[in-house]
Asks: 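Sharing a structure with you now.
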Amino acid sequence: MDKLSDLRKLLCLTSSSTEMEIQNAFGDIAELLINHAIICRAERSFRIEEIEFYYYNNQHRDLITYPRITKPMQWYRNAFFGIDLTFDSQLKTQIYEGEEFFSLDDSPSFGGILIRRLSCDSTIIDKPRNCANVLFDVLDASCTPIDYPVLVIEEQGRGLNIDKTRRTNIIKERTIDMAKKKVESILWNNCYINEHPEDWMANEFLRFADMPYKYRSTI
């Protein structure tokens, strides 16, 4: 099996994947993306230097993860105008008062990998929005673009060390009241239907806020 197939398999976490399995997959994916991946766009080649993981299932309730229904290894423009590489994401929906809402019930499994920093030759592209813009700024609308960004996984790696740390700006104040407000905002803005107790959700949000889910290359 080649490394691109390895990556696709790792992106197929399921609703039954345990927290340990998910975290182990994060480390393996980070190794492939940072040390082996190139994003090719026309004549330019980009290396991935920094990523953050967001994934939710009932064994790993990371509530900051934005809902989506996607296949593994797709580009996904997220709510903050960054770009994610997607996990296989399955999520139920319900119709309420004529509108379709995402639901956290019935074994959801969804998430993505936010690209936070790229390099191209000696140039660094920092911050998610800038990364998304350099990859998807202008594309032909009349046909399949020849300069569409394509992910390639090389067999030979760069051999860089990879550092893990807490994700950027998940929550500034570690209080239950702040977490409740954040959870309410997430649920409202993402149209979740759920039955989880508010206090329980806030505590789970605080637990995942400190998880070391940012991976970045180091010299």
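Because only heavy atoms are used, hydrogens play no part in the values below, and waters and symmetry mates are left out as well, while side chains stay in. Since we're looking at a predicted model, the values are computed, not measured.
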Asks: Do side-chain atoms of Asp2 reach the backbone of Leu4 as a donor and acceptor pair under 3.5 angstrom?
Replies: yes
Asks: Test Arg158 against Ile34 for side-chain contact (heavy atoms from CB on, under 4.5 Å), laying out the working first.
Replies: CA-CA 8 Å; Arg158 295 196 285 174; Ile34 291 174; 4.0 Å; yes
Asks: Using distance alone, with no hydrogens and no angle criterion, decide if Ser217 and Glu49 have a side-chain donor and acceptor under 3.5 Å apart.
Replies: yes
Asks: For Arg44, look at atom CZ and say whether over 12 heavy atoms of other residues, nucleotides or ligands are found less than 6.0 Å away.
Replies: no
Asks: Ignoring hydrogens and angles, tell me if any N or O in the side chain of Arg41 forms a donor-acceptor pair with the backbone of Leu135 under 3.5 Å.
Replies: yes
Asks: Short question: side chain of Thr86, backbone of Gln74 - any donor-acceptor pair under 3.5 Å?
Replies: yes
Asks: For the backbone of Phe136 and the side chain of Trp75, can you confirm whether one donor and one acceptor N or O come within less than 3.5 Å of each other?
Replies: no
Asks: Given the rule in the ring pair (Phe, Tyr, Trp, His ring centres under 6.0 Å) test, do Tyr56 and Phe110 qualify, once you have shown the distances and angles that lead to the verdict?
Replies: CA-CA 6 Å; Tyr56 184 104; Phe110 60 94; 5.4 Å; yes
Asks: Can a side-chain donor-acceptor contact be found between Thr123 and Asp121 if the only test is distance below 3.5 angstrom?
Replies: no
Asks: Nearest 0.5 Å, please: how far is NZ in Lys180 from CG in Asn203?
Replies: 8.5 Å
Asks: Is it true that Ile113 and Val152 fall in one hydrophobic cluster, defined by side-chain heavy atoms closer than 4.5 Å?
Replies: no
Asks: So, Arg117 side chain and Ile124 main chain: donor-acceptor pair closer than 3.5 Å or not?
Replies: no
Asks: Tell me whether Tyr76 is reachable from Phe102 by hopping between hydrophobic residues (I, L, V, M, F, W, Y) whose side-chain heavy atoms are closer than 4.5 Å.
Replies: no
Asks: Any chance the rings of His60 and Tyr213 have centres within less than 6.0 Å?
Replies: yes
Asks: Hey, does the side chain of Arg167 reach the backbone of Phe208 with a donor-acceptor pair shorter than 3.5 angstrom?
Replies: yes
Asks: Where do Glu31 and Lys3 land on the salt bridge (charged side-chain N to carboxylate O under 4.0 Å, His left out) test, with the steps shown first?
Replies: CA-CA 11 Å; Glu31 168 64 24; Lys3 290 191 180 298; over 6 Å; no
Asks: Can you check whether Asn161's main-chain N or O pairs, donor with acceptor, with Thr218's side chain at less than 3.5 Å?
Replies: yes
Asks: Within the side chain of Asn35, is there an N or O that forms a donor-acceptor pair under 3.5 Å with the backbone of Leu160?
Replies: yes
Asks: Just by distance, no angles: are the side chains of Tyr55 and Ser109 close enough, under 3.5 Å, to form a donor-acceptor pair?
Replies: yes
Asks: To the nearest 0.5 Å, what is the distance between CG on Asn190 and OH on Tyr66?
Replies: 5.5 Å
Asks: Please evaluate residues Asp28 and Asp6 with respect to the criterion side-chain contact (heavy atoms from CB on, under 4.5 Å), reporting the C-alpha separation (whole Å), side-chain torsions for both, the decisive distance (0.1 Å), and the verdict.
Replies: CA-CA 9 Å; Asp28 292 339; Asp6 291 341; over 6 Å; no
Asks: Which distance, rounded to the nearest 0.5 Å, do you find between the CZ of Phe53 and the CG of Leu114?
Replies: 10.5 Å
Asks: Just checking Tyr96: does its OH atom have more than 12 heavy atoms from other residues, nucleotides or ligands closer to it than 6.0 angstrom?
Replies: no
Asks: Is it true that Tyr215 and Ile64 fall in one hydrophobic cluster, defined by side-chain heavy atoms closer than 4.5 Å?
Replies: no
Asks: Testing the 3.5 Å rule here: is there a donor-acceptor pair between the side chains of Gln90 and Ser15?
Replies: no
Asks: Verify the cluster assignment for Ile176 and Met178: are they in a single hydrophobic cluster under the rule of side-chain heavy atoms below 4.5 Å apart?
Replies: yes
Asks: So which heavy atom on Ile48 is nearest to which on Ala37, and how close?
Replies: CD1-CB, 4.2 Å
Asks: Does Thr14 offer a backbone N or O that forms a donor-acceptor pair with the side chain of Asn57 under 3.5 Å?
Replies: yes
Asks: Look up atom CZ in Phe46 and atom CD1 in Ile38, then write down how far apart they are to the nearest 0.5 Å.
Replies: 11.5 Å
Asks: Distance check, rounded to the nearest 0.5 Å: Arg166 atom CZ versus Glu52 atom CD?
Replies: 10.5 Å
Asks: If you count heavy atoms of other groups shown closer than 6.0 angstrom to CD1 of Ile146, is the number above 12?
Replies: no
Asks: I'd like to know whether Ile39 forms a side-chain contact (heavy atoms from CB on, under 4.5 Å) with Ile115, so could you lay out the CA-CA distance, the side-chain angles of the two residues, the decisive distance to 0.1 Å, and finally the verdict.
Replies: CA-CA 11 Å; Ile39 302 174; Ile115 297 177; 4.2 Å; yes
Asks: From Ile125 CD1 over to Glu50 CD, what is the distance, rounded to the nearest 0.5 angstrom?
Replies: 13.0 Å
Asks: Could you go through the side-chain contact (heavy atoms from CB on, under 4.5 Å) check for Leu85 and Ile29 one step at a time?
Replies: CA-CA 11 Å; Leu85 186 67; Ile29 292 167; 6.0 Å; no
Asks: How far apart are the C-alpha atoms of Arg207 and Glu204, what are their side-chain angles, what is the distance that settles it, and do they pass the salt bridge (charged side-chain N to carboxylate O under 4.0 Å, His left out) test?
Replies: CA-CA 5 Å; Arg207 183 170 77 88; Glu204 198 74 344; 3.2 Å; yes
